[in-house]
Amino acid sequence: MRTEAVLNLKQSVKNNLPFILFMVLLFSFRSSVADWYYVPTGSMEPTIQVGDRVVVDKSAYTLELPFTDVVVAKTGNINRGDIVIIDSNAADTRLIKRVVAIEGDKVKLENNVLFINGEKATVSAKGHNLYSEQILGQTRTIALNPLPSPAKNFNLVTVPRDHVLAMGDNRNNSVDSRYYGFIPIEEIQGKANSVAFSLDPNDMYLPRKDRLFTSLQ
């Protein structure tokens with residue numbers, strides 16, 4: 001009986017080998033190269049909305065052996081403005097945030113206005129609690145809800161080696177480096193480049209057509 005079961009198993013594997021190989025390659029690809037991430041909170045609004053499925057380039061900074069944390073090669077540098085996926089030990093969950101400052105940067109926040117390496121961000125209103133933030137040659141849209149926030153200020157700090165400072169674009173509604181501290185680079189799993197598709201939780205999870213294949217900046 002045991003021999004027959006083994007033979008049946010071998011035959012089943014042989015018959016389904018193309019499918020098995022496809023699944024192994026698919027999950028290896030998702031493990032090391034690209035994946036998507038469901039966004040459950042509004043901490044990155046308006047850039048990323050609740051219900052977005054964000055495409056993540058897991059090889060943007062490092063290439064790892066599939067299903068491990070073993071780094072095979074460094075493939076790129078983390079830059080200011082990158083939107084990254086963080087496997088945060090401090091938060092005990094995965095986060096999606098924007099890299100605001102990189103190692104060596106001197107940064108502070110005064111009434112939600114960023115200062116990086118002595119340069120003050122230019123913040124101009126766009127309407128409905130949305131603002132354009134310009135600093136160090138980068139422009140992005142942030143949300144500043146008129147809510148009292150204990151994290152709208154922090155004193156001048158220097159980002160330590162092999163760490164970044166990350167914040168949500170929804171500045172008064174984001175739990176980020178202002179609460180968890182600097183983010184170790186080793187916790188960054190990849191770079192978010194675009195929205196694959198989006199389901200609206202306020203409209204019976206119907207697709208948002210205007211979010212399809214939206215590029216993230």
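Everything quoted here is computed from the prediction, not taken from an experiment.
- Within the 4.5 Å cutoff, the side chain of Tyr37 has no heavy atoms near those of the Ile48 side chain.
- Under the 4.5 Å side-chain heavy-atom criterion for ILVMFWY residues, a single connected hydrophobic cluster contains both Leu199 and Leu212.
- Put simply, the side chain of Leu95 does not reach to within 4.5 Å of the side chain of Asp176, judged on heavy atoms.
- Residues Val164 and Ile188 are in side-chain contact: their nearest non-hydrogen atoms beyond the backbone lie under 4.5 Å apart.
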Would Arg80 and Ile135 count as a side-chain contact (heavy atoms from CB on, under 4.5 Å) here? Give the steps. CA-CA 10 Å; Arg80 300 183 201 93; Ile135 187 167; over 6 Å; no

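- The pair Asp210-Arg208 fails the salt-bridge criterion, with no side-chain N (NZ, NE, NH1 or NH2) lying under 4.0 Å from an Asp/Glu carboxylate O.
- Cluster annotation: Ile102 and Val157 are assigned to distinct hydrophobic clusters (Ile/Leu/Val/Met/Phe/Trp/Tyr, side-chain heavy-atom contacts under 4.5 Å, transitive).
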Could you walk me through whether Asp52 and Ser198 satisfy the side chain to side chain donor-acceptor pair (under 3.5 Å) test, starting with their C-alpha distance in whole Å, then the side-chain angles of each, then the deciding distance to 0.1 Å, before giving a yes or no? CA-CA 4 Å; Asp52 283 353; Ser198 182; 2.6 Å; yes

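- A salt bridge links Glu133 with Arg171: at least one charged nitrogen is closer than 4.0 Å to a carboxylate oxygen.
- Shown here are the side chain to side chain donor-acceptor pair (under 3.5 Å) partners of Asp82, two or more places apart in sequence or in another chain: Tyr61.
- Atom CD1 of Ile96 sits about 3.5 Å away from atom CD1 of Ile85, to the nearest 0.5 Å.
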After noting the C-alpha distance and the side-chain angles of Thr141 and Lys126, does the key distance pass the side-chain contact (heavy atoms from CB on, under 4.5 Å) rule? CA-CA 8 Å; Thr141 301; Lys126 297 182 69 173; 2.9 Å; yes

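- Evaluation of the side-chain hydrogen bond (donor to acceptor under 3.5 Å, both in side chains) test over residues 149-164, restricted to residues two or more places apart or in two chains, returns Lys106-Thr158.
- For Gln217, the CD atom counts as loosely surrounded, since its 6.0 Å shell holds 12 or fewer non-hydrogen atoms of other residues, nucleotides or ligands.
- No option in Lys97, Met167, Glu45 other than Lys97 meets the side-chain contact (heavy atoms from CB on, under 4.5 Å) test with Ser174.
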